[in-house]
Amino acid sequence: MSLSPAAERARRQVLSPIAAAWMWRTLPLAAFAGLRVVRLDEQACVVRLPGGWRTQNPFRSTYFAAQAMAAEMSTGAPALVLLREAPASIAMLVVGLRASYTKKLVGTGTFTFEGVPALRAAIARSAESSESQAVTARSTGRDATGEEVAEFEVDWSFRRRAPKA
């Protein structure tokens, strides 16, 4: 990923083994759940969601909300990094979420988003326009064997902020 120095620093921070400190400060619920960005490059972002008592529901599978959090992070982490290189201040907001669950997730799962170029394009368009730019980001959840367990569509909106007076 060809990134500006500020964006590359943000990417390394998100991937760093000490990212937990950053997560506790900015995303405490994700930190408590044990989410971890394990890959973030020009094409994809992968987030690991651990199994266990922090993410388990009463049926001994992974709580749907923990899966949604991992899916959102897999689509939002690349956007946060890409915002660091935007030529203007850009606001980002989740405006929609759809999910389908195909199999019970028991234990550790991974959530993969493979649309980083689309995010980059939307952020670039939003920096050039006063109009909001929307992107539907698809994240696929898989269990430890690689079998698909869920698919999420996270609708992101990017909009250039008005300059401060």
Let me check something: do V149 and V38 share a hydrophobic cluster, defined by ILVMFWY side-chain heavy atoms less than 4.5 Å apart, either directly or through other members?
no
Go through the structure and list residues passing side-chain hydrogen bond (donor to acceptor under 3.5 Å, both in side chains) with D155, not counting sequence neighbours.
R98, T136
For residues I90 and F158, determine if any side-chain heavy atom of one lies less than 4.5 Å from a side-chain heavy atom of the other.
yes
For the hydrophobic clusters of this structure (ILVMFWY residues joined by side-chain heavy atoms under 4.5 Å, transitively), does one cluster hold both V46 and F111?
no
Contacts of F64 meeting ring-ring contact (aromatic ring centres under 6.0 Å, His included) (sequence neighbours excluded), chain-then-number -> none
Which atom pair, heavy atoms only, marks the closest approach of L40 to C45?
CD1-CB, 3.9 Å
In terms of heavy-atom contacts, V116 and A44 come closest through CG2-N, 3.6 Å
Is there a donor-acceptor contact under 3.5 Å from the side chain of T108 to the main chain of R48?
no
What's the shortest heavy-atom distance between R39 and Q43, and which atoms?
NH2-CB, 4.4 Å
Residues pairing under ring-ring contact (aromatic ring centres under 6.0 Å, His included) where one sits in residues 118-144, two or more places apart or in two chains, turn out to be none
Kindly work out whether a path of hydrophobic side-chain contacts (I/L/V/M/F/W/Y, heavy atoms less than 4.5 Å apart) joins V94 to L119.
yes
Near-ring test F113/F152, centroid separation under 6.0 angstrom:
no
Residues pairing under ring-ring contact (aromatic ring centres under 6.0 Å, His included) where one sits in residues 28-49, two or more places apart or in two chains, turn out to be F32-W53
Residues in salt bridge (charged side-chain N to carboxylate O under 4.0 Å, His left out) contact with E114, at least two apart in sequence or another chain
none
Just by distance, do the side chain of T102 and the backbone of E148 share a donor-acceptor pair under 3.5 Å?
yes
With a 4.5 Å limit on heavy-atom distance, are the side chains of T62 and L49 in contact?
yes
For the CZ atom on R142, are there more than 12 heavy atoms of other groups (residues, nucleotides or ligands in this structure) within a distance under 6.0 Å?
yes
By salt bridge (charged side-chain N to carboxylate O under 4.0 Å, His left out), which residues pair with K103, not counting sequence neighbours?
D143, E147
Report yes if some heavy atom in the side chain of R36 is under 4.5 Å from a heavy atom in the side chain of V47; otherwise report no.
no
Count I, L, V, M, F, W, Y as connected when their side-chain heavy atoms are under 4.5 Å apart, and connections chain through other members. Are Y63 and M73 then in the same cluster?
yes
Which residues share a side-chain contact (heavy atoms from CB on, under 4.5 Å) with R161, sequence neighbours left out:
S89, A91
Counterpart residues, salt bridge (charged side-chain N to carboxylate O under 4.0 Å, His left out), relative to R138 (two or more places apart)
E151, E153
Let me check something: any side-chain donor-acceptor pairs from residues 123-130 under 3.5 Å, sequence neighbours excluded? List them with distances.
| residue | atom | partner | partner atom | Å |
| --- | --- | --- | --- | --- |
| R125 | NE | Q133 | OE1 | 2.9 |
| S126 | OG | A122 | O | 3.4 |
| S126 | OG | I123 | O | 2.8 |
| S129 | OG | E131 | N | 2.8 |

Show every ring-ring contact (aromatic ring centres under 6.0 Å, His included) that has at least one partner inside residues 67-96, sequence neighbours left out.
none
Please set out all donor-acceptor pairs under 3.5 angstrom arising from side-chain atoms of residues 77-84, sequence neighbours excluded.
none

Please step through side chain to side chain contact (heavy atoms under 4.5 Å, CB included) for the pair S61 and L105, ending with a clear verdict.
CA-CA 6 Å; S61 61; L105 175 58; 5.8 Å; no
M69 vs L35, test: side chain to side chain contact (heavy atoms under 4.5 Å, CB included). Steps then yes/no.
CA-CA 9 Å; M69 191 167 38; L35 295 182; 3.7 Å; yes
For residues 66-77, which residue pairs pass the side chain to side chain donor-acceptor pair (under 3.5 Å) check, not counting sequence neighbours?
S74-S139, T75-W156
